[in-house]
Amino acid sequence: MARVAGRSVWIAWPVGVLCAAVVAALAVLAAPGLPGAVTFVGETLRAGSTTPPWTDAPRVPGPATTCRDLYTQPMWSELVWSPEALLTQRHTGPLSTPEAVAAAAPTPVITCHWRGESGRWLETSVATVSAAGAAAVSGALSGQGFACEPDGDGVHCERTVDDVTEVHDLRGDRWVSSTFSGWMPDGYAAVVASRAFGE
């Protein structure tokens, strides 16, 4: 067999033996961890091959007081994974209907503002109001051209102007106000109203 020019047999053999010894030593050191690695890989593969049941996020019983409580798990996932979605949570009343706010003097619970791609956004405000305040909200909204109608033991008001839709639900001492600008997920208003009322 022809030898490669410049290679010394006296150096190549000891280096080859040294490399083989290092590989053998590493194999001996890694052997105790082999069963654990096999178990880990097996459990990972088994977990990845089954789909866990879809469960709703745990929350404090009763009316929602945080943005996370306001949404079911599927809707929360839809909002969070929307392109360029950004949530801002604050404790202010609805900004879309200043006349109704002035008439009702509500106490803000939570406002969730979602900004999406291409200037799309939506916002939901939850506030507490007195019985007189709820009646004042309904009257103010009707005067502004909202279509208001009884909804069970509450009132539902809705209006669309251009690409902006406003939905208001009043029940008991709760006022849920949602405004949509180019972004209105299916069933959104019904879900947040239900969660805000503690259903």
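All of these numbers come straight from a predicted model, not from anything done at the bench. Side-chain atoms are counted along with the backbone in the values below, which use heavy atoms only and exclude waters and symmetry mates.
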Reported CG-to-OG distance for the pair Leu122 and Ser181, which is rounded to 0.5 angstrom: 9.5 Å
Heavy-atom check, side chain of Trp76 versus side chain of Val191, under 4.5 Å: no
Nearest non-hydrogen partners of Val176 and Val192, listed with the distance: CG1-CG2, 4.3 Å
From CA spacing to verdict: side-chain contact (heavy atoms from CB on, under 4.5 Å), Val101, Trp175: CA-CA 10 Å; Val101 171; Trp175 174 19; 3.9 Å; yes
Rounded distance [0.5 Å steps], CG in Asp169 versus OG1 in Thr124: 10.0 Å
Intermediate values then yes/no, side-chain contact (heavy atoms from CB on, under 4.5 Å), Val164 and Thr179: CA-CA 7 Å; Val164 176; Thr179 304; 3.8 Å; yes
Ala190 backbone acceptor or donor facing Ser194 side chain under 3.5 Å: no
Stepwise side chain to side chain donor-acceptor pair (under 3.5 Å) check, Arg120 with Ser118: CA-CA 6 Å; Arg120 301 183 315 153; Ser118 305; over 6 Å; no
Within residues 105-115 or reaching into it, pairs that qualify as side-chain hydrogen bond (donor to acceptor under 3.5 Å, both in side chains) - sequence neighbours excluded: Tyr71-Trp114, Thr111-Ser125, His113-Glu123
Donor-acceptor pair, side chain of Arg159 and main chain of Gln144, under 3.5 angstrom: yes
Close side-chain approach of Thr128 to Pro106, heavy-atom, < 4.5 Å: no
Heavy-atom closest pair, residues Gly119 and Trp121: O-CD1, 3.4 Å
Connected via hydrophobic side-chain network under 4.5 Å: Leu79 and Val167: yes
Geometric class of the His168/Phe146 ring pair [parallel <30°, tilted 30-60°, perpendicular >60°]: perpendicular
Val155 side chain near Glu149 side chain, heavy-atom distance below 4.5 Å: no
Any donor-acceptor N/O pair, Gln89 side chain to Cys67 backbone, under 3.5 Å: yes
Side chain to side chain, Val126 and Phe197, heavy atoms closer than 4.5 Å: no
Closest heavy-atom pair and its distance - Ser178, Tyr188: OG-CE2, 3.8 Å
Pairs where residues 148-199 contributes a residue and the test disulfide (SG to SG under 2.5 Å) is met, not counting sequence neighbours: Cys148-Cys157
Co-membership, hydrophobic cluster, residues Met75 and Leu87, 4.5 Å side-chain: yes
Non-hydrogen atoms of His91 and Val109 that approach each other most closely: ND1-O, 2.7 Å
Distance in Å, Arg195 CZ paired with Arg68 CZ, rounded so as to fall on 0.5 Å steps: 7.0 Å
Ser82 versus Glu78, side-chain donor and acceptor atoms under 3.5 Å: no
OG-CD distance between Ser177 and Glu166, expressed to the nearest 0.5 angstrom: 6.5 Å
Note, Ile110 side chain near Thr65 side chain (heavy atom, < 4.5 Å): no
Exam field: side chain Thr66 to backbone Asp69, donor-acceptor pair closer than 3.5 Å: yes
